[in-house]
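See structure below.
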Amino acid sequence: MLIRGHTQRTRTMMREVPMHTAAEFQPEHSGWEARLIRANPFATFVSTGSPEPGSSGIQVSHLPMVLDGDPGDGTEPDLQGRTLLGHMARTGPQWPALLRDPIATAIFRGPHGYVSPAVRGDAPPAPAWNYTAAHVRGRVRLLHEADDVLRVLTETTAVGEAGRARPDGSGPPLDAFRALLPHVIAFSMRITSVESLVELGQGDPADLRDKVRADLAASPRGCDRDLAAVLAGTAAATG
């Protein structure tokens with residue numbers, strides 16, 4: 001969990017080019033993105049710029065990111081104006097680049113899976129891929145104070161530990177976190193926009209969606225089974 005060690009080329013393009021979405025694949029209710037982040041708190045974190053003056057480029061990291069102050073009680077807050085917390089290795093080039101250009105995008109991907117034409121029964125055969133994703137954009141603020149970094153590490157660990165029994169009743173390993181302070185830099189990202197895509201065969205008849213869900217549930221791949229659970233939840237919500 002703790003870290004030690006779509007074609008967007010410039011800051012302007014990151015602001016102006018949205019994720020391609022279709023109306024039929026939009027979430028049917030607000031709060032869906034908060035649930036996606038809560039269940040999949042590991043993001044592809046994209047920003048532009050370079051740590052070196054006068055140069056440009058794209059910076060990409062894979063990081064745990066969590067909602068600041070998320071109660072984890074099943075509520076579904078609107079993400080606009082909320083804050084994400086994250087941390088990265090001090091040895092990497094992305095955080096110095098953020099000093100020059102603090103605009104970033106965090107991409108959260110939920111369960112996804114291949115849908116076989118043998119299951120769909122299409123003629124001619126037409127394979128598909130079902131998936132869920134959210135692009136969260138915002139302005140980054142680097143956190144340098146030790147107390148701020150410790151809070152980010154503590155909140156991130158709390159998300160990872162949620163639902164796990166701790167027989168010893170111990171809290172977060174603050175001594176271990178303090179040892180990490182020279183090696184990581186924490187940040188907050190104030191959310192300015194959210195785009196999401198839910199491609200779950202919404203246009204298919206209910207009996208076909210049931211067949212797809214059953215096939216995914218029987219798959220040996222864990223991500224397929226996770227996707228089947230999402231489909232089951234969707235069916236329950238719309239049934």
Arg137 vs Glu195 side-chain heavy atoms within contact, under 4.5 Å
yes
Check whether any side-chain heavy atom of Pro102 sits under 4.5 Å from a side-chain heavy atom of Met189, and report yes or no.
no
Kindly write out the residues that satisfy side chain to side chain donor-acceptor pair (under 3.5 Å) with Arg151, not counting sequence neighbours, or none if the list is empty.
Asp68, Glu155
Stepwise side-chain contact (heavy atoms from CB on, under 4.5 Å) check, Val46 with Ile58
CA-CA 7 Å; Val46 184; Ile58 295 178; 3.9 Å; yes
Heavy-atom closest contact (Leu181 atom, Arg90 atom, distance)
O-NE, 3.8 Å
Might you point out which heavy atoms bring Ala228 and Ala217 nearest each other, and give the distance in Å?
CB-N, 3.6 Å
Verify side-chain contact (heavy atoms from CB on, under 4.5 Å) between Val194 and His135, making sure each step is shown before the conclusion.
CA-CA 6 Å; Val194 182; His135 288 196; over 6 Å; no
Taking all non-hydrogen atoms of both residues, which atom of Trp95 and which atom of Leu142 are closest, and how far apart?
O-CD1, 3.7 Å
Interatomic spacing from CD1 in Ile37 to CG in Leu84 - rounded to 0.5 Å:
5.0 Å
For Gln80 and Ser193 the tightest heavy-atom approach is OE1-CA, 3.8 Å
With the side chain counted from C-beta on, respond yes when Ile103 and Leu98 share a heavy-atom pair under 4.5 Å apart, and no when they do not.
no
When you measure from the side chain of Ser116 to the backbone of Ala118, do you find a donor-acceptor pair of N or O atoms at a distance under 3.5 Å?
yes
Would you indicate whether the side-chain heavy atoms of Thr105 and Phe45 approach each other to under 4.5 Å?
no
Does any N or O in the side chain of Glu33 come within less than 3.5 Å of the main-chain N or O of Arg35, such that one atom is a donor and the other an acceptor?
no
For Leu63 and Phe187, run side-chain contact (heavy atoms from CB on, under 4.5 Å): C-alpha distance rounded to whole Å, both residues' side-chain angles, the deciding distance at 0.1 Å, then the answer.
CA-CA 11 Å; Leu63 308 170; Phe187 63 90; 3.9 Å; yes
Side chains of Ile185 and His87 in contact at under 4.5 Å (non-hydrogen atoms)
no
May I ask you to decide if Pro220's main-chain N or O and Arg225's side chain share a donor-acceptor pair within less than 3.5 Å?
yes
In terms of ring plane angle, is the pair Phe42 and His62 parallel, tilted or perpendicular, where the classes change at 30° and 60°?
parallel
What's the spacing between Leu143 CG and Leu150 CG if we round to 0.5 Å?
11.5 Å
Do Leu197 and Tyr131 have side-chain heavy atoms sitting under 4.5 Å apart?
yes
Let me see the working for Leu208 and Arg120 under side-chain contact (heavy atoms from CB on, under 4.5 Å), right down to the final yes or no.
CA-CA 7 Å; Leu208 176 54; Arg120 294 185 53 85; 4.0 Å; yes
Shortest non-hydrogen separation from Ala134 to Trp32 and the atoms involved
CB-CZ3, 4.4 Å
How long is the gap from CG on Asn130 to CG on Asp224, to the nearest 0.5 Å?
10.0 Å
One should read off an interatomic distance between Asp210 CG and Asp215 CG, to the nearest 0.5 angstrom, of 12.5 Å
If you look at every heavy atom in Ala43 and Met65, which pair is closest and at what distance?
CB-SD, 3.8 Å
Name all pairs fulfilling the salt bridge (Lys or Arg N to Asp or Glu O under 4.0 Å) condition that reach into residues 172-184, sequence neighbours left out, sorted by first residue then second.
Asp175-Arg178
Is any side-chain heavy atom of Thr156 less than 4.5 Å from a side-chain heavy atom of Thr154?
no
Which residue in the set Val212, Leu227, Val115 passes side chain to side chain contact (heavy atoms under 4.5 Å, CB included) when paired with Leu200?
Leu227
Taking side chain as C-beta onward, heavy atoms only, is Arg209 less than 4.5 Å from Leu231?
yes
Take Gln59 and Ser47 through the test side chain to side chain donor-acceptor pair (under 3.5 Å) and record every step on the way to the result.
CA-CA 5 Å; Gln59 304 292 332; Ser47 62; over 6 Å; no
Inspect the surroundings of CG in Asp147 and state if more than 12 heavy atoms from other residues, nucleotides or ligands are less than 6.0 Å away.
no
In Å, rounded to the nearest 0.5 Å, how long is the span from CZ of Phe108 to OG1 of Thr44?
9.0 Å
